[in-house]
Amino acid sequence: MGKEEEVHQEQYCYGDWPVDGVDAEGRATELRPLALSRPHTQAFHLAWLSLFACFFAAFAAPPILPALRPALVLAPSDASAAAVASLPAALVGRLAMGPACDLLGPRRASGVASLVCALALALAAVYASSPAGFVALRFCAGLSLSNFVANQHWMSRIFAPSAVGLANAVAAGWANVGSAATQIAMPLAYDYIVLRLGVPITVAWRVAYLIPCAMLIATGLAVLAFPYDLPRGCAAGGGGGDKGGNKQGFWKVVRGGVCDYRAWVLLLTYGYYYGVELIMENVAADFFRKRFRLPLEAAGAAAACFGVMNTVAQPAGGVASDEVGKRFGMRGSLWALWAVQSTGALLCVLVGRMGAAEAPSLAATMAVMVACGAFVQAASGLTFGIVPFVSKR
């Protein structure tokens, strides 16, 4: 590649990004969400919006479960089985997304995954007519959460160490709000389709599923239309154009990750956070509807309070990780993670005890749930701030 072409490509990537806004590798040294003309910011917004659609789709069923039960003849155990099915789907999808990001680059992998999941989800919604079909629906929706890997991969490559903790936490946190948005939007959409449009209940929930499918398609196409994956090498192929790519064999890199005890420790940490997230998003709406006799929309709104905490709590965790790391190093970030995560665990126990109380207070239950959500999501943000420093391979 000639000198002029290299300069043109760099300008194409960075536009008017100021010299002090990137490091020697072209990565952004700070997160500026409102600087929309800058390519790093554009990639940031595309990444979180794409994952937002995935979380919306993955948790679209729980808030309208009362409508799905008669339509699909669901027994109480079927709802639990379907929720469990979404977990291995997410795990399998995320394991597959890692190599896909290496082969295609995080942008292409993310866009393709969104489109494939939209098709699978649409087909599952059309043909589901039994408990088995409902399990398949939740499985297809769970696959969309594989986009989380592409989201974090992309952010870690375009933001420098000084900003990567915040960028990862904000991108994941804002995206996670999709699980709260669906708790409110899906019941409202279902009621509008049934009450205003007069669609039969056996069809109405399928029509409502057009919303997550359309969101997945729109964000998938937008991500694929974006011109580059990484700060350098906009137009290059596989691996996102990282021309100084890693020369190690693929399996050597995999072995290095699997044999790294730090990766396993953070896996357990993330498992705690993600497990709490899955349980709350799957059961909260049904819990509030049955325990406090709330209507469909109100129960969804109450359940959404947990997911809404992602808006501020995860970014706050990312900021804390970056700031504590600057002052006390990695040891300080790890201690901060332990303290926040332990507090979240104690609040999880308290939420469970309040739910088992004879006459629980709705206001008190929601207050403890919101506090629990804040600490759990902040622990997630702290984890995201540590992960990029485990290994550079």
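The structure displayed is predicted, hence computed values, not measured ones.
Distance check, rounded to the nearest 0.5 Å: OG of Ser114 to CG of Leu49 gives 11.0 Å. To the nearest 0.5 Å, atom CG of residue Leu362 and atom CE of residue Met369 are 9.0 Å apart. The line from CD of Gln183 to CD1 of Ile64 is 10.5 Å long, rounded to the nearest 0.5 Å. We find the SG-CZ distance between Cys213 and Phe56 to be 10.5 Å, quoted to the nearest 0.5 Å. Distance check: His40 NE2 to Thr29 OG1 gives 9.0 Å after rounding to the nearest 0.5 Å. Note: His153 NE2 to Arg157 CZ = 5.0 Å, rounded to the nearest 0.5 Å.
Judged by distance alone, with hydrogens and angles left aside, the side-chain atoms of Thr182 form no donor-acceptor pair with the main-chain N or O of Gly178 at under 3.5 Å. The backbone N or O of Ala128 sits less than 3.5 Å from a side-chain atom of Arg206, completing a donor-acceptor pair. Panel note: side chain Arg293, backbone Arg289; no donor-acceptor pair is recorded below 3.5 Å. Between the Ser86 side chain and the Arg138 main chain, no donor and acceptor come within less than 3.5 Å of each other. Between the side chain of Ser144 and the backbone N or O of Cys54, at least one donor-acceptor pair lies under 3.5 Å. When atom types are taken as modelled, the side chain of Thr311 and the backbone of Val308 share a donor-acceptor pair closer than 3.5 angstrom.
Two residues are said to be in side-chain contact when any heavy atoms from C-beta on lie closer than 4.5 Å; Met309 and Cys305 fail this criterion. Taking the side chain as every heavy atom from C-beta outward, Tyr190 and Val194 approach each other to under 4.5 Å. You'll find the side chain of Leu74 reaches within 4.5 Å of the side chain of Phe134, heavy atoms only. You'll find the side chain of Trp205 reaches within 4.5 Å of the side chain of Leu137, heavy atoms only. The closest side-chain heavy-atom distance from Ile158 to Arg27 is not below 4.5 Å. Counting heavy atoms from C-beta outward, Val376 and Cys348 have side chains that approach closer than 4.5 Å. Side-chain atoms of Val370 and Cys372, non-hydrogen and from C-beta on, never get closer than 4.5 Å to each other. Taking 4.5 Å as the limit, some side-chain heavy atom of Thr383 sits within range of a side-chain heavy atom of Leu337.
In terms of hydrophobic clustering, with Ile, Leu, Val, Met, Phe, Trp and Tyr side chains grouped at heavy-atom distances under 4.5 Å, Leu195 and Tyr192 are assigned to different clusters. Residues Val112 and Phe226 do not share a hydrophobic cluster, defined by chaining ILVMFWY side chains whose heavy atoms lie under 4.5 Å apart. Under a hydrophobic-cluster definition in which Ile, Leu, Val, Met, Phe, Trp and Tyr are linked whenever side-chain heavy atoms come within less than 4.5 Å, directly or via other members, Phe148 and Phe59 are assigned to the same cluster. Phe288 and Phe306 fall within a single hydrophobic cluster, where Ile, Leu, Val, Met, Phe, Trp and Tyr are joined by side-chain heavy atoms under 4.5 Å apart, directly or via other members. Under a hydrophobic clustering in which Ile, Leu, Val, Met, Phe, Trp and Tyr are joined whenever their side-chain heavy atoms come within less than 4.5 Å, directly or via other members, Met97 and Trp48 fall into different clusters.
The list of salt bridge (charged side-chain N to carboxylate O under 4.0 Å, His left out) pairs with a residue in residues 303-320, not counting sequence neighbours, is empty.
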Working for side-chain contact (heavy atoms from CB on, under 4.5 Å), residues Arg32 and Phe44: CA-CA 9 Å; Arg32 298 180 181 179; Phe44 163 77; over 6 Å; no
Kindly indicate, with the supporting measurements, whether the criterion ring pair (Phe, Tyr, Trp, His ring centres under 6.0 Å) is fulfilled by Phe159 and Trp154. CA-CA 9 Å; Phe159 285 93; Trp154 202 1; over 10 Å; no
Could you go step by step and tell me if Phe287 and Phe292 meet the side-chain contact (heavy atoms from CB on, under 4.5 Å) rule? CA-CA 8 Å; Phe287 166 78; Phe292 298 100; 3.9 Å; yes
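Asn147 and Ala113 get closest at one heavy-atom pair: ND2-CB, 4.4 Å. The minimum heavy-atom distance linking Leu143 with Ala89 is given by the pair CD2-O, 3.3 Å. Taking both residues in full, the closest heavy atoms of Leu36 and Gln42 are given as O-NE2, 2.9 Å, listed atom of the first, atom of the second, then distance. Between Leu224 and Arg107, the closest heavy-atom pair is O-NH1, 3.0 Å. Nearest heavy-atom pair across Ala299 and Leu294 is N-CB, 4.0 Å. Pairing each heavy atom of Gln377 with each of Ala313, the nearest pair is CB-CB, 3.6 Å.
Arg69 meets the salt bridge (Lys or Arg N to Asp or Glu O under 4.0 Å) test with Asp286; sequence neighbours excluded. Every side chain to side chain contact (heavy atoms under 4.5 Å, CB included) that Leu119 has, sequence neighbours left out, goes to Leu123. Judged as a side chain to side chain contact (heavy atoms under 4.5 Å, CB included), and not counting sequence neighbours, Val126 has no contacts. Residues satisfying the side chain to side chain contact (heavy atoms under 4.5 Å, CB included) test with Ser380, not counting sequence neighbours, are Tyr273, Gln314, Phe384.
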Tabulate below the donor-acceptor pairs under 3.5 Å that side-chain atoms of residues 216-223 make, not counting sequence neighbours, or state none.
from: Thr219; atom 1: OG1; to: Met215; atom 2: O; distance (Å): 2.8
from: Thr219; atom 1: OG1; to: Leu216; atom 2: O; distance (Å): 3.3

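Under the 6.0 Å cut-off for aromatic ring centres, Phe55 and Trp174 do not qualify, their centroids lying 6.0 Å or more apart.
The number of heavy-atom neighbours closer than 6.0 Å to CZ of Phe52, taken from other residues, nucleotides and ligands shown, is above 12.
No side-chain donor-acceptor contact under 3.5 Å links Asn151 and Ser110.
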